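Step one of this worksheet: look at the structure below.
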Amino acid sequence: MTSTAFHCPEHGIPLTASGDGYACPEGCSFPVVADIPRFVDSSNYARSFGLQWNRFRTTQLDSHTGTTISRDRLTRLAGGDLKKTFAGKRVLEAGCGAGRFTELLLEAGASVTAVDLSEAVEANLTNCGARGDYRVCQADIRRLPFAPGGFDVVLCIGVVQHTPDPEETLKALARQVAPGGLLIIDHYTYREGGVKWSSRTLRKHMLQRPSESSMRFVERLVNALWPMHRFLYRVRRAAWFTPVRKRLLHLSPVLDYQYAFPELSPELLHQWAVLDTHDVVTDYYQHRRTTDEIRAALEGNGLEALRVEYAGNGVEAMARKPES
């Protein structure tokens, strides 16, 4: 399937291949580095995400874990059979990370354009580059290097809440949907209790540290607290200990998936703990929205909201762009 051509994010006109990159008739130029077109500088607010996805390149891939954790999440978001939603479709995956969903889209028969603001694109290329009709580029979702309306499905999972302005991000994503096409997203919402006090406190300090040192600090922290988490999981059925266990888990900033995904091996559970603890305490933006706010943003961009509900990590939504 023919991919949507690259367009200048600044001027909106087609780019031409020029040397080791792409050039715009208005004078803009964009390099290709390590086989990946780069439309942004890597020194941006998403740098910590790039570090974590390259450090844990395969940790959340179903093909590596031997589970269906990522497939189950994508299937729920897509409303059922992945082949029915994605096969033969031009899919823009905005915020592709290391490729936990990219590999499933390709397996379902989609023509995938994967985009990320961070250097996670390098992990994505390594994981998915040989899997099918695929390309990847490093770009800002709010200034995508494509002409409007070029994709049958635009997918954005676990990303919108981490951008500076979620409504602006949704507007940019909606522009990329072809008439009759789908936009599928999720977004954090307001939860009772919210983010743990320990995580909020740690995040204030982590945002002031260089990204590399933050990753090292989080790894050491998880390594120190993980034996306690393992012990608390082993005694989880002791009713007399339940109040103490809940209190200790609330005080720890470590994200613990032993209860949600017991099918993961001990090694993978530890990796997920490091990965997502780092994610929570180093993400620069953490916006939250209600279903009503998400629905209003989708409809405000001319989309028909097919499903907007509380599920997964917060709000999950699917919307269609009218044919005309």
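Heads up: numbering here begins at 1 and tracks the sequence. Please read all numbers here as calculations on a predicted model, not as lab measurements.
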Criterion side chain to side chain contact (heavy atoms under 4.5 Å, CB included) on S63 and R131, from CA distance to verdict: CA-CA 12 Å; S63 60; R131 289 179 179 263; 3.6 Å; yes
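- Here L221 contributes atom CG and R216 contributes atom CZ; the two are 15.0 Å apart, rounded to the nearest 0.5 Å.
- Residue A305 comes nearest to E299 through the heavy atom pair CB-OE2, 4.1 Å, listed as atom of the first residue, atom of the second, then distance.
- The backbone N or O of V280 lies less than 3.5 Å from a partner atom in the side chain of Q286, making a donor-acceptor pair.
- With values rounded to the nearest 0.5 angstrom, L255 atom CG is found 13.0 Å from H278 atom NE2.
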Verdict with supporting geometry, Y259 and L232, side chain to side chain contact (heavy atoms under 4.5 Å, CB included): CA-CA 11 Å; Y259 305 86; L232 294 176; 4.2 Å; yes
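- No donor-acceptor pair closer than 3.5 Å links the side chain of Y190 to the backbone N or O of T290.
- Contact annotation: the side chain of D62 approaches that of E103 to within less than 4.5 Å [non-hydrogen atoms, C-beta and beyond].
- Salt-bridge check for E122 with R57: failed, with every basic side-chain N at 4.0 Å or more from each acidic carboxylate O.
- When the options V112, I185, L92, L105 are evaluated for a side chain to side chain contact (heavy atoms under 4.5 Å, CB included) with L155, the one that passes is L105.
- Counting only residues at least two apart or in different chains, side chain to side chain donor-acceptor pair (under 3.5 Å) contacts with residues 227-243 comprise H229-S252, H229-D256, R230-Q258.
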From CA spacing to verdict: side chain to side chain donor-acceptor pair (under 3.5 Å), R90, S111: CA-CA 5 Å; R90 298 165 298 172; S111 173; over 6 Å; no
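- Looking at S213, its side chain never comes within 3.5 Å of a backbone N or O of R209 through a donor-acceptor pair.
- By the rule that hydrophobic residues join a cluster once side-chain heavy atoms approach within less than 4.5 Å of another member, M318 and I294 end up as members of separate clusters.
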Worked check of ring-ring contact (aromatic ring centres under 6.0 Å, His included) between F6 and F30: CA-CA 11 Å; F6 287 125; F30 307 95; 9.4 Å; no
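- The pair R289-E167 counts as a salt bridge, with a side-chain nitrogen and a carboxylate oxygen less than 4.0 angstrom apart.
- Under the 4.5 Å side-chain heavy-atom criterion for ILVMFWY residues, a single connected hydrophobic cluster contains both V32 and F146.
- Cluster membership for V254 and F261, using ILVMFWY side-chain heavy atoms within less than 4.5 angstrom, is shared.
- Summarising the geometry, atom NE2 belonging to H7 is positioned 8.0 Å from atom CG belonging to L15; distances are rounded to the nearest 0.5 Å.
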Worked verdict on C24 versus E10 for side chain to side chain contact (heavy atoms under 4.5 Å, CB included): CA-CA 9 Å; C24 166; E10 179 68 26; over 6 Å; no
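- The two residues A317 and V308 come nearest to each other via the heavy atoms CB-CG2, 4.0 Å.
- L183 and L77 are not part of a single hydrophobic cluster, where members link through side-chain heavy atoms under 4.5 Å apart.
- Closest approach of A34 to L125, counting heavy atoms only: O-CD2, 3.7 Å.
- Sorted by first and then second residue, the side chain to side chain donor-acceptor pair (under 3.5 Å) pairs involving residues 15-34 (not counting sequence neighbours) form an empty list.
- Under a 3.5 Å cut-off, the side chain of N127 and the backbone N or O of A98 do form a donor-acceptor pair.
- Listed by first and then second residue, the ring pair (Phe, Tyr, Trp, His ring centres under 6.0 Å) pairs that reach into residues 57-104 come to none, sequence neighbours excluded.
- The cluster map of Ile, Leu, Val, Met, Phe, Trp and Tyr, joined by side-chain heavy atoms under 4.5 Å apart, puts V115 and Y134 in different clusters.
- I36 approaches C137 most closely through the heavy-atom pair CG2-CA, 3.8 Å.
- At a threshold of 4.5 Å between non-hydrogen side-chain atoms, the residues D276 and Y257 count as touching.
- The backbone N or O of S198 lies less than 3.5 Å from no partner atom in the side chain of T201, so there is not a single donor-acceptor pair.
- L61 has its side chain out of reach of S70: every pair of non-hydrogen atoms, C-beta onward, lies at least 4.5 Å apart.
- With 3.5 Å as the limit, one finds a donor-acceptor pair spanning the side chains of H270 and N223.
- Within the 4.5 Å cutoff, the side chain of W272 has heavy atoms near those of the T59 side chain.
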Check against side chain to side chain contact (heavy atoms under 4.5 Å, CB included), F56 and V274: CA-CA 9 Å; F56 297 98; V274 175; 3.4 Å; yes
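- Put simply, CG on L182 and CZ on R307 are 11.0 Å apart, with the number rounded to the nearest 0.5 Å.
- Between Q60 and W53, some side-chain heavy-atom pair lies under the 4.5 Å cut-off.
- Here the closest non-hydrogen pair linking E119 and Q138 is N-NE2, 3.9 Å.
- Distance alone, capped at 3.5 Å, is enough to place a donor-acceptor pair between the D116 side chain and the G97 backbone.
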D279 vs Q52, side chain to side chain donor-acceptor pair (under 3.5 Å): CA-CA, chis, key distance, verdict: CA-CA 8 Å; D279 190 302; Q52 73 183 35; 3.1 Å; yes
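- Here the side chains of V315 and D186 are not in contact, with every heavy-atom distance at 4.5 Å or above.
- Environment of CG in D81: crowded, with over 12 heavy atoms of neighbouring residues, nucleotides or ligands closer than 6.0 Å.
- Between R100 atom CZ and I157 atom CD1 the span is 8.0 Å, to the nearest 0.5 Å.
- You'll find the side chain of V154 stays beyond 4.5 Å of the side chain of I184, heavy atoms only.
- The closest side-chain heavy-atom distance from E107 to L82 is not below 4.5 Å.
- The closest donor-acceptor contact from the side chain of R203 to the backbone of D283 lies under 3.5 Å.
- T68 places no side-chain N or O within donor-acceptor distance of the main-chain N or O of R71, the cut-off being under 3.5 Å.
- The ring of H162 has its center closer than 6.0 angstrom to the ring center of Y188.
- Counting all heavy atoms, side chain and backbone alike, V177 lies closest to G181 at CG1-C, 3.4 Å.
- Distance check: R247 CZ to L249 CG gives 11.5 Å after rounding to the nearest 0.5 Å.
- No donor-acceptor pair closer than 3.5 Å links the side chain of E168 to the backbone N or O of P164.
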